[in-house]
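I have placed the structure first, in the form of structure tokens, so that the comments after it can refer back to it.
The analysis underlying the following values was restricted to heavy atoms, covering all of them including side chains, and did not include hydrogens, waters or symmetry mates. All residue numbers refer to positions in the sequence shown, counting from 1.
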Amino acid sequence: MTGLPETITACLFDLDGVLTGTAVLHSEAWKRTFDEFLRARDGENFREFTAQDYATYVDGRPRADGVREFLRSRGIELPEGTPDDPVDAPTVNGLGNRKNELVLKIIDERGVNPYPGSIRYLDAVKAAGLRIAVVTSSANGAKVLDAAGLSKYVEARIDGLVIRERNLKGKPAPDSFLAGAEALGVEPAHAAVFEDAQSGVQAGKAGGFGYVVGVNRADQAAELKAHGADIVVDDLADLLED
């Protein structure tokens, strides 16, 4: 009834863009952050941060990695700084913290809405007796899960805070998903990964997981398939058998 192979006993869900609509809020915060930075830096030579930039360099990655990858694409290098840098610091971490402050403000203003199809799917997964973990690069995982009313489904959470504490490599490396499987006590071959980001499906493929589901929220079905998704759906409810 879950649309998964019979060998799957656990589900590892990305959060933003898979269970909740917060990926759109993150994208908006990144654009405002990078556009302000680039406009101040480049003046009349300013080139905006685009949706393609977000999908290619930022989406699904830990915050500092996203900053680093995008700036590298523009030939820009900044000092690393530290995770506690103030939001006006001219560093990788300062820029990332500026984005995080902005996205938290947006979340507080607009709230967090889970996708109705994702709620239906979580209910089906729980009814089928499958284990559930959330694996997200966001440091705000607990806040978003609570705000969306999804914490009751989640047995384990690997988020940006855990990734940093354990010094795990971020997506597209499989480390965070492997940590999620370990937290549930299941082998990767018996776990399914659910991701809307190219870097996320790439991580699922690299980790040897039993099934990788690409969730096409941003009109990138072909790219998700090319990066390692076994199946691509527009909504998790599409996996449910009638």
How far does [atom1] of [X] sit from [atom2] of [Y], to the nearest 0.5 angstrom?
| X | Y | atom1 | atom2 | value |
| --- | --- | --- | --- | --- |
| D16 | S137 | CG | OG | 9.0 Å |
| W30 | R98 | CH2 | CZ | 11.0 Å |
| L145 | L19 | CG | CG | 7.5 Å |
| N97 | D84 | CG | CG | 8.0 Å |
| Q220 | Q52 | CD | CD | 8.5 Å |
| H26 | L102 | NE2 | CG | 11.0 Å |

* Asked: What pairs with P90 under side-chain contact (heavy atoms from CB on, under 4.5 Å), at least two apart in sequence or on another chain?
  -> none
Honestly curious: do [X] and [Y] fall in one hydrophobic cluster under the side-chain, below-4.5 Å linking rule?
| X | Y | answer |
| --- | --- | --- |
| L184 | F177 | yes |
| L104 | V58 | no |
| V134 | I163 | no |
| L25 | V144 | yes |
| L4 | Y153 | yes |

Note, [X] side chain near [Y] side chain (heavy atom, < 4.5 Å):
| X | Y | result |
| --- | --- | --- |
| V112 | L150 | no |
| P174 | K205 | no |
| V67 | K99 | no |
| L236 | Y115 | no |
| S199 | D59 | no |
| Y121 | T2 | yes |

I'd like to know if [X] pairs up with [Y] as an ion pair, taking the criterion as any Lys NZ or Arg NE/NH1/NH2 lying under 4.0 Å from an Asp or Glu carboxylate oxygen.
| X | Y | answer |
| --- | --- | --- |
| K143 | D108 | yes |
| R217 | D234 | no |
| D53 | R74 | yes |
| K126 | D123 | no |
| K105 | E101 | no |

* To do: Apply side-chain hydrogen bond (donor to acceptor under 3.5 Å, both in side chains) to the pair T22 and T20, showing each step before the final yes or no.
  => CA-CA 5 Å; T22 39; T20 68; 2.5 Å; yes
* To do: Using the side-chain contact (heavy atoms from CB on, under 4.5 Å) rule, pick out the option among I132, V154, V193 that qualifies with F13.
  => I132
Would you give me the side-chain donor-acceptor pairs under 3.5 Å for residues 33-40, sequence neighbours excluded?
unit_1, atom_1, unit_2, atom_2, d
T33, OG1, A29, O, 2.8
D35, OD1, F49, N, 2.8
D35, OD2, K31, NZ, 2.8

Surrounding [atom1] of [X] (heavy atoms of other residues, nucleotides or ligands, distance under 6.0 Å), is the total greater than 12?
| X | atom1 | result |
| --- | --- | --- |
| K225 | NZ | yes |
| E182 | CD | no |
| E48 | CD | yes |

Might you point out which heavy atoms bring [X] and [Y] nearest each other, and give the distance in Å?
| X | Y | value |
| --- | --- | --- |
| G170 | P62 | CA-CG, 3.5 Å |
| V92 | A64 | CG1-O, 3.7 Å |
| V186 | A191 | CG2-CB, 4.2 Å |
| F209 | A181 | CE2-CB, 4.1 Å |

Whether [X] side chain and [Y] backbone form a donor-acceptor pair below 3.5 Å:
| X | Y | answer |
| --- | --- | --- |
| S118 | V18 | yes |
| S73 | F70 | yes |
| D159 | T136 | no |

* Criterion side chain to side chain contact (heavy atoms under 4.5 Å, CB included) on T91 and L78, from CA distance to verdict -> CA-CA 5 Å; T91 63; L78 290 180; 5.5 Å; no
* Using only heavy-atom distances, determine whether the side chains of T82 and N93 contain a donor-acceptor pair under 3.5 Å. => no
* **Audit row: L168, L178, side chain to side chain contact (heavy atoms under 4.5 Å, CB included) steps and yes/no** => CA-CA 10 Å; L168 301 176; L178 293 172; over 6 Å; no
* For S138 and V103, run side chain to side chain contact (heavy atoms under 4.5 Å, CB included): C-alpha distance rounded to whole Å, both residues' side-chain angles, the deciding distance at 0.1 Å, then the answer. => CA-CA 11 Å; S138 172; V103 79; over 6 Å; no
* So R166 and D175, side chain to side chain contact (heavy atoms under 4.5 Å, CB included) or not? Walk me through it. -> CA-CA 10 Å; R166 299 189 188 177; D175 299 37; over 6 Å; no
* Structure fact -> Residues pairing under side-chain hydrogen bond (donor to acceptor under 3.5 Å, both in side chains) where one sits in residues 185-197, two or more places apart or in two chains, turn out to be K171-E195
